[in-house]
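For the numbers below, each heavy atom of this structure counts, side chains included, while hydrogens, waters and symmetry mates do not.
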2 protein chains.
Amino acid sequence: MKMAQRKGSQLLYVSSAHEQFFRGLVHGARSLGFEHCCYMIGVPVEGEGWRHVMMSNLPWAWRERYSRKGFHAIDPTVQHARQASRALVWSADQFNAAPLRELRRGLRGIGYNHGWSQPLRDVDGRFGLLTLARGETPVGADELREKSQTLRWFAQAAHAVLFRTLLARCQDGILGHLTVREIDILRMAADGRTALEIAAAMGVTERTATFHISNAIEKLGAANKAHAVACAMRLGLLD
Amino acid sequence: MKMAQRKGSQLLYVSSAHEQFFRGLVHGARSLGFEHCCYMIGVPVEGEGWRHVMMSNLPWAWRERYSRKGFHAIDPTVQHARQASRALVWSADQFNAAPLRELRRGLRGIGYNHGWSQPLRDVDGRFGLLTLARGETPVGADELREKSQTLRWFAQAAHAVLFRTLLARCQDGILGHLTVREIDILRMAADGRTALEIAAAMGVTERTATFHISNAIEKLGAANKAHAVACAMRLGLLD
DNA sequence: CGCCCCCCTGTCAATCCTTGCAGTTAAATT
DNA sequence: AATTTAACTGCAAGGATTGACAGGGGGGCG
């Protein structure tokens with residue numbers, strides 16, 4: 001059973017509400033004196049290492065390059081987020097090791113020189129990482145004392161709102177896509193309807209309803225309908 | 001079947017993570033120049049009108065009084081939130097109508113004179129309402145222009161993080177409490193385990209597991225297990 | 001045109017869920 | 001001391017779910 005990524009499929013769960021939320025976050029970051037803002041999540045995948053998805057106001061070219069070059073594998077802020085849960089204040093100048101050269105050049109190129117990165121970890125080893133950064137002034141001790149509480153809260157808010165969505169986007173490559181029909185039916189199942197009722201509501205046979213349900217169960221790696229509903233909700237597919 | 005509120009029962013879902021989040025919000029409100037911060041949700045209940053739950057940094061005495069006197073029934077900001085979705089800028093001075101006298105006096109007493117209230121509504125008629133307020137200076141047009149985006153984002157963040165929890169706290173009085181056992185079992189059901197597996201994991205009979213499940217289904221007003229799991233997740237009982 | 005995917009349908013058997021019935025026990029509340 | 005509640009157990013009938021086998025029709029893509 002292969003779960004390779006497909007091209008033409010639309011990403012149903014990419015909601016503009018989260019984009020809007022992120023724009024608000026960017027605005028808040030600006031008012032704190034950081035022009036760049038990046039929220040990233042990391043998910044451990046057995047055999048494959050890590051998967052990352054990010055949401056940022058950085059140039060598309062840079063995001064593409066970051067992903068293509070696999071910078072997340074060497075990025076010190078990401079390394080830090082894997083283990084620690086305290087914030088990291090950094091400057092690109094510190095990225096001296098040979099493998100980091102190219103990353104440092106890239107960061108300088110986009111004015112991403114000095115920053116503050118707050119990790120947030122969950123029980124399954126997944127983590128979220130909010131980074132605010134700017135081009136010119138390093139983050140000083142005084143500034144940190146003054147803003148750290150707000151910064152932490154920003155991270156908490158970003159994590160609370162964006163994590164699930166990005167996780168869904170991340171799992172997507174792993175799990176394969178749920179079809180429109182499958183999501184429709186899962187939504188009705190979550191509302192307590194039986195296969196027969198769903199079939200009636202959708203104008204198909206009971207058999208067809210159960211067919212879509214079992215496909216959804218298989219794609220989500222669930223054990224049964226209740227589990228599939230829970231998985232889908234956790235992934236934010238039924239909002 | 002009565003669902004009266006009981007005293008001794010613990011509220012399992014009151015998590016300190018949300019309290020912490022709210023403290024961050026209060027801090028953010030302060031940095032915007034508002035010392036008071038109140039997030040409230042309203043839920044329509046058939047035959048009973050409305051139920052409200054709030055989270056605020058106001059004095060406990062005032063919260064108690066607000067609730068006892070039923071101020072939420074006449075509070076203009078709440079009235080506004082029921083219908084509109086745009087923000088309301090208000091001053092307590094405007095609360096001139098006779099029934100509002102006592103409310104106005106109370107608000108003045110706690111230095112809650114000038115404020116900004118952003119409603120957020122959902123499809124089921126429920127609403128959330130974030131109010132930031134202060135004692136002295138009215139909210140001016142310039143200030144509003146400057147801060148409105150941040151304010152809206154605060155409301156969005158508060159809503160995204162706090163709504164579910166408060167809803168659970170609100171439904172609690174309506175639905176009656178789920179017992180520890182029922183929540184345990186729902187959690188395992190959400191992980192895809194059958195009644196037999198749950199029973200084995202908990203060291204009880206299959207009959208007992210099904211017994212708890214059906215109780216949970218009844219208390220949540222669900223149609224079946226999948227629905228109950230979905231309800232519990234939406235209420236934030238399974239996080 | 002072939003290939004793949006999505007959507008649709010059928011049957012059948014094993015298993016699971018749901019809901020009746022009727023209890024016991026321990027602990028907390030009144 | 002009486003009452004209420006949570007947790008627990010048994011039996012049984014009927015409905016719902018799940019999985020496996022076996023297909024047809026339509027659309028996109030190379």
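Looking at A/Arg65 and A/Glu102, a side-chain N of the basic residue comes within less than 4.0 Å of a carboxylate O on the acidic one, giving a salt bridge. Using a cutoff of 4.0 Å between basic side-chain nitrogens and carboxylate oxygens, A/Arg234 and B/Asp191 are scored as salt-bridged. Checked for salt-bridge contact, B/Glu19 and B/Arg23 miss the test: no charged N lies under 4.0 Å from a carboxylate O.
At the phosphate of D/dC8, OP1 or OP2 sits under 4.0 Å from a side-chain N or O atom of B/Arg181. Between A/Thr208 and C/dC8 there is no side-chain polar atom (N or O) within less than 4.0 angstrom of OP1 or OP2. In this structure, B/Arg193 does not reach the C/dC16 phosphate: none of its side-chain N or O atoms is under 4.0 Å from OP1 or OP2. Between B/Thr205 and the phosphate of D/dG10, there is a side-chain N or O to OP1/OP2 separation shorter than 4.0 Å.
Between D/dT9, C/dC17, C/dC8, one nucleotide has an atom nearer to the side chain of B/Val204 than all others, and that is D/dT9. Closest to the side chain of A/Ser214, from the set D/dG19, C/dC16, C/dT9, is D/dG19. The side chain of B/Arg207 sits closest to D/dT9 out of C/dG10, C/dC7, D/dT9. Across D/dA6, D/dT17, C/dC6, the shortest atom-to-atom separation from the side chain of B/Thr179 is found for D/dA6.
Atom CD1 of B/Ile183 is separated from atom P of D/dA7 by 10 Å (rounded to the nearest Å). Protein atom CZ of B/Phe211 is 17 Å distant from nucleotide atom P of D/dC11, rounded to whole Å. In this entry the distance linking CE of B/Met202 with C1' of D/dA6 reads 12 Å, nearest Å. What separates CD of B/Glu218 from P of D/dT5 is a distance of 14 Å, to the nearest Å. Taking atom CG of residue A/Leu220 and atom P of nucleotide D/dT18, one finds them 13 Å apart after rounding to whole Å. A straight line from CD of A/Glu206 to C1' of D/dT18 spans 12 Å, rounded to a whole angstrom. One can place NE2 of A/His227 at 16 Å from C1' of D/dT17, the figure rounded to the nearest angstrom. Atom CG in A/Asn224 sits about 11 Å away from atom C1' in C/dC17, given to the nearest Å.
Among the heavy atoms of the strands lying under 4.0 Å from A/Ile213 are primed sugar atoms or P, OP1, OP2 only; no base atom is included. Residue B/Asn215 is classed as having no contact, given no heavy-atom separation below 4.0 Å to the nucleic acid.
The shortest non-hydrogen separation linking B/Gln118 to B/Arg152 is OE1-CG, 3.4 Å.
Two residues, A/Ala226 and B/Glu182, neighbour DNA chain D, and the one matched to the more 5' nucleotide by heavy-atom proximity is B/Glu182.
B/Phe71 and B/Tyr66 have perpendicular rings, their planes meeting at more than 60° on a 0 to 90° scale where under 30° would count as parallel.
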